[in-house]
J.: 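Just dropping this structure here.
Note that these values count all heavy atoms, side chains included, but never hydrogens, waters or copies made by symmetry. Owing to the predicted nature of the structure, the values given are computational and were not obtained by experimental measurement.
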Amino acid sequence: MIGLLHHSLDKKEKIMIYYIDRHNNVTQRFIRVVGIDDKRILAYCYYKKQVRSFKIENILSIGCVQRSVGA
């Protein structure tokens, strides 16, 4: 999981996460990581259209976002 976060940071690529928010709701977010520390990541959230902080412990899963053909 940490490897994909670092890949997003290094390559400036969009990834998808499933995340437990502060209200204990599971949300799907498309993000691009801009910073990582021991407990949190800082990422641009395409849903909220702003940079947000995400607790690493609340990330349930991470996946790559496939680009469409011709993009």
Side-chain angles (χ1 to χ4, degrees):
M1 181 167 77
I2 295 296
L4 278 175
L5 293 173
H6 281 284
H7 180 80
S8 175
L9 177 64
D10 296 341
K11 303 294 182 184
K12 297 178 173 50
E13 290 185 357
K14 185 190 298 187
I15 58 174
M16 183 269 310
I17 64 171
Y18 284 99
Y19 184 77
I20 300 174
D21 68 14
R22 64 181 167 205
H23 303 292
N24 287 322
N25 298 314
V26 176
T27 64
Q28 179 185 28
R29 301 288 180 94
F30 291 93
I31 64 170
R32 183 178 43 82
V33 178
V34 296
I36 301 173
D37 69 23
D38 291 340
K39 297 186 183 207
R40 295 183 176 271
I41 63 167
L42 196 61
Y44 179 80
C45 176
Y46 289 90
Y47 176 70
K48 295 286 188 177
K49 296 183 175 65
Q50 60 182 311
V51 174
R52 305 292 289 232
S53 175
F54 298 91
K55 291 181 182 178
I56 293 174
E57 69 183 21
N58 288 359
I59 298 174
L60 300 174
S61 67
I62 298 176
C64 295
V65 175
Q66 293 187 10
R67 297 178 186 210
S68 44
V69 176

J.: Any chance you could measure Asp21, atom CG, to Asn58, atom CG, to the nearest 0.5 Å?
T.: 8.5 Å

J.: From Glu57 CD over to Arg40 CZ, what is the distance, rounded to the nearest 0.5 angstrom?
T.: 8.5 Å

J.: State the CG-CG distance between Leu9 and Leu42, to the nearest 0.5 angstrom.
T.: 10.0 Å

J.: For Lys55 and Tyr19, work out which heavy atoms get closest and say how close.
T.: N-OH, 3.0 Å

J.: I'd like to check the ring-ring contact (aromatic ring centres under 6.0 Å, His included) partners of Tyr44; sequence neighbours left out, ordered by chain and number.
T.: Tyr46

J.: Please identify each residue that fulfils side-chain hydrogen bond (donor to acceptor under 3.5 Å, both in side chains) with Glu13, with sequence neighbours left out.
T.: His7

J.: Any side-chain heavy-atom pair from Lys12 and Arg32 closer than 4.5 angstrom?
T.: yes

J.: Please evaluate residues Leu4 and Val33 with respect to the criterion side chain to side chain contact (heavy atoms under 4.5 Å, CB included), reporting the C-alpha separation (whole Å), side-chain torsions for both, the decisive distance (0.1 Å), and the verdict.
T.: CA-CA 10 Å; Leu4 278 175; Val33 178; over 6 Å; no

J.: Locate the shortest heavy-atom distance separating Phe54 from Cys45; write the atom from each residue and the value.
T.: CZ-CB, 4.3 Å

J.: What I'd like to find out is whether the side chain of Ile56 reaches to under 4.5 Å of the side chain of Ile2, using heavy atoms alone.
T.: yes

J.: Closest approach of Ile62 and Met1, non-hydrogen atoms and distance?
T.: CD1-CG, 3.0 Å

J.: Considering all heavy atoms of both residues, which atom of Ser8 and which atom of Ile31 are nearest to each other, and what is their separation?
T.: OG-O, 4.5 Å

J.: Rounded at 0.5 Å granularity, tell me how far SG in Cys64 sits from CD1 in Ile15.
T.: 8.0 Å

J.: If you group Ile, Leu, Val, Met, Phe, Trp and Tyr by side-chain heavy-atom gaps below 4.5 Å, do Leu5 and Tyr47 land in one group?
T.: no

J.: Compare every heavy atom of Val26 with every heavy atom of Ile20, then report the nearest pair and how far apart it is.
T.: CG1-CG2, 4.3 Å

J.: So, taking the atom named CD in Gln28 and the one named OG in Ser61, what distance separates them when rounded to the nearest 0.5 Å?
T.: 8.5 Å

